[in-house]
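Have a look at the structure below, then the notes.
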2 protein chains.
Amino acid sequence: MRKEEADRILALLKSEGKRLTAKRALVYQVIQESESHLPAEEIYLRAKALNPNISLSTVYRTLNILKDLGLVRELHLDEEHHHYELVEGSAHYHMICSQCGKIEEFKSELVDKLAEELEKKYGFETKSIHIDFVGLCADCRNKT
Amino acid sequence: MRKEEADRILALLKSEGKRLTAKRALVYQVIQESESHLPAEEIYLRAKALNPNISLSTVYRTLNILKDLGLVRELHLDEEHHHYELVEGSAHYHMICSQCGKIEEFKSELVDKLAEELEKKYGFETKSIHIDFVGLCADCRNKT
DNA sequence: GTCTCTGCAAACTGTTTGCAGGTAC
DNA sequence: GTACCTGCAAACAGTTTGCAGAGAC
């Protein structure tokens with residue numbers, strides 16, 4: 001983790017009377033280093049590979065803290081468990097292949113237009129947006 | 001339930017070697033008569049009010065059957081349990097108020113445009129779309 | 001009469017929590 | 001030294017399932 005990143009997290013944690021421990025930093029690092037969203041179990045396994053002493057409870061507790069601090073986002077995709085990813089500058093959404101299970105990300109300015117439309121039409125003030133397109137990815141379409 | 005509707009469901013169930021029982025019809029009816037999506041527990045309570053003998057297991061089993069038959073859709077909103085709604089002609093999406101919890105529906109042609117964009121750009125073939133905007137509804141904005 | 005349905009209780013999955021010892025500051 | 005942090009096991013919520021009796025056709 002970069003120094004300024006650690007400092008930012010440390011400041012956020014301190015503002016809530018919490019501490020930055022090695023295990024918390026590890027959970028954050030695992031999420032950060034993954035290319036996309038991970039389920040809690042997978043975060044646990046990857047963290048455990050780096051520090052065998054970490055427990056699943058700690059992973060969950062840390063995820064909730066990071067979520068509350070606004071550093072990590074919890075995704076409710078079409079599955080029974082949640083996925084977690086870093087909250088970063090630019091928002092993105094998901095294309096989920098119902099055949100192979102692959103999840104790809106996309107961005108589109110149409111989404112911002114949609115938010116504007118909801119503001120105008122319903123007076124709704126958007127804070128966050130979840131979009132999942134479920135269907136067939138290009139690979140699976142070609143196979144059939 | 002209208003006669004042709006019952007016939008349609010009956011045919012679908014029969015094609016899978018299943019029966020149309022009073023309790024299954026009841027679960028379908030509850031979902032149909034509700035204005036929007038309901039959690040399983042709420043479907044159970046409403047069904048129980050009409051037939052006190054129904055059990056939560058039966059509700060869940062029926063929901064899974066209706067889901068498999070394509071009659072009912074399971075929604076994974078930003079909550080710990082699922083919601084269920086009828087699969088009808090026109091798709092719609094959700095605005096969730098993070099303050100009062102109210103969930104409103106919306107439709108927009110921008111969504112179809114987005115699907116087209118994904119098809120062109122990534123070769124993704126869309127089968128279903130889930131969109132949730134989380135934020136403040138007009139009422140809650142006015143209150144603050 | 002056969003095969004499906006159903007209620008009940010128990011199991012199961014993902015997640016949270018109480019507690020007692022360990023650790024950061 | 002005083003919080004806060006952590007692992008463990010137990011608890012929890014939502015959902016599924018095995019079984020034996022009830023019901024549909």
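We name chains A, B, ... by the order of the sequence lines, and we start the count at 1 in each one.
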| What pairs with B:R46 under salt bridge (Lys or Arg N to Asp or Glu O under 4.0 Å), at least two apart in sequence or on another chain? | B:E42
| said: Rounding to an integer number of Å, can you tell me how far B:N51 CG sits from C:dC5 P? | reply: 17 Å
| Residues in ring-ring contact (aromatic ring centres under 6.0 Å, His included) with A:H82, at least two apart? | A:H76
| remark: When rounded to whole Å, the CG to C1' distance for the pair B:L10 and D:dC25 reads 11 Å
| request: Considering just the side-chain nitrogens and oxygens of B:N53, establish if one lies under 4.0 Å of OP1 or OP2 belonging to C:dG7. | output: no
| task | Would you mind reading off the distance between B:E16 atom CD and C:dC5 atom C1', rounded to a whole angstrom? | result | 16 Å
| said: Restricting to side-chain contact (heavy atoms from CB on, under 4.5 Å), what partner residues turn up for B:N142, sequence neighbours left out? | reply: none
| To the nearest 10 degrees, how far apart in direction are the end axes of the helix from C:dG1-D:dC25 to C:dC25-D:dG1, each fit to five base pairs? | 30°
| query | With sequence neighbours left out, what residues match A:K102 under side-chain hydrogen bond (donor to acceptor under 3.5 Å, both in side chains)? | reply | A:D139
| request: Please round to the nearest 0.5 Å and tell me the distance separating atom SG of B:C97 and atom NZ of A:K127. | output: 8.0 Å
| message | What is the separation between atom CG on B:L13 and atom P on C:dT4, rounded to the nearest whole Å? | response | 13 Å
| query | Can you name the ring-ring contact (aromatic ring centres under 6.0 Å, His included) partners of B:F133, sequence neighbours left out? | reply | B:F106
| request: State, without any angle test, whether B:H37 and B:E74 hold a side-chain donor-acceptor pair at a distance under 3.5 Å. | output: no
| said: Using heavy-atom distances to pick each residue's nearest nucleotide on DNA chain D, tell me which of B:A22 and B:N64 is more 5'. | reply: B:N64
| task | Mind calculating the distance between CG (B:L63) and C1' (C:dC5) to the nearest angstrom? | result | 15 Å
| message | Any side-chain N or O of B:K23 below 4.0 angstrom from OP1/OP2 of C:dG7? | response | yes
| remark: Taken in chain and number order and not counting sequence neighbours, the residues that satisfy salt bridge (Lys or Arg N to Asp or Glu O under 4.0 Å) with A:E80 are none
Taking N or O atoms only and anything under 3.5 Å, show me the protein contacts with nucleotides 11-14 of chain D, one pair per line.
none

| task | Anything under 30° is parallel, anything over 60° is perpendicular, the rest tilted; go ahead and classify B:H83 against B:H81. | result | tilted
| field | Nucleotide nearest A:Y84 when distance is taken to its side chain, options D:dC5, C:dT15, C:dG7 | value | C:dT15
| Non-hydrogen atoms of B:L26 and B:N51 that approach each other most closely | CD2-CB, 3.6 Å
| field | Other cluster members, B:L136 - Ile/Leu/Val/Met/Phe/Trp/Tyr, side-chain contacts below 4.5 Å | value | none
| remark: Residues passing the side-chain contact (heavy atoms from CB on, under 4.5 Å) test with A:D68, sequence neighbours excluded, are none
What's touching nucleotides 1-3 of chain D from the protein side, N or O pairs under 3.5 Å?
from	atom 1	to	atom 2	distance (Å)
D:dA3	N3	A:R19	NH1	3.4

| query | Is a salt bridge present between A:R141 and B:E119, judged by a nitrogen-to-oxygen distance below 4.0 Å? | reply | yes
| task | Take the protein atom CD of A:E79 and the nucleotide atom P of D:dT15, then report the distance between them rounded to whole Å. | result | 16 Å
| message | Between P on D:dT16 and NZ on B:K67, what's the gap in Å once rounded to a whole number? | response | 6 Å
| field | Smallest separation among heavy atoms of A:I31 and A:L86, with atom names | value | CG2-N, 3.7 Å
Detail all sub-3.5 Å separations between protein N/O atoms and N/O atoms belonging to nucleotides 18-21 of chain D.
from	atom 1	to	atom 2	distance (Å)
D:dG18	O6	B:R61	NH1	3.4

| Phosphate OP1/OP2 of D:dT6: any A:T21 side-chain N/O under 4.0 Å | yes
| field | Nearest-Å distance for atom pair CG/C1', residues B:D78 and C:dT15 | value | 16 Å
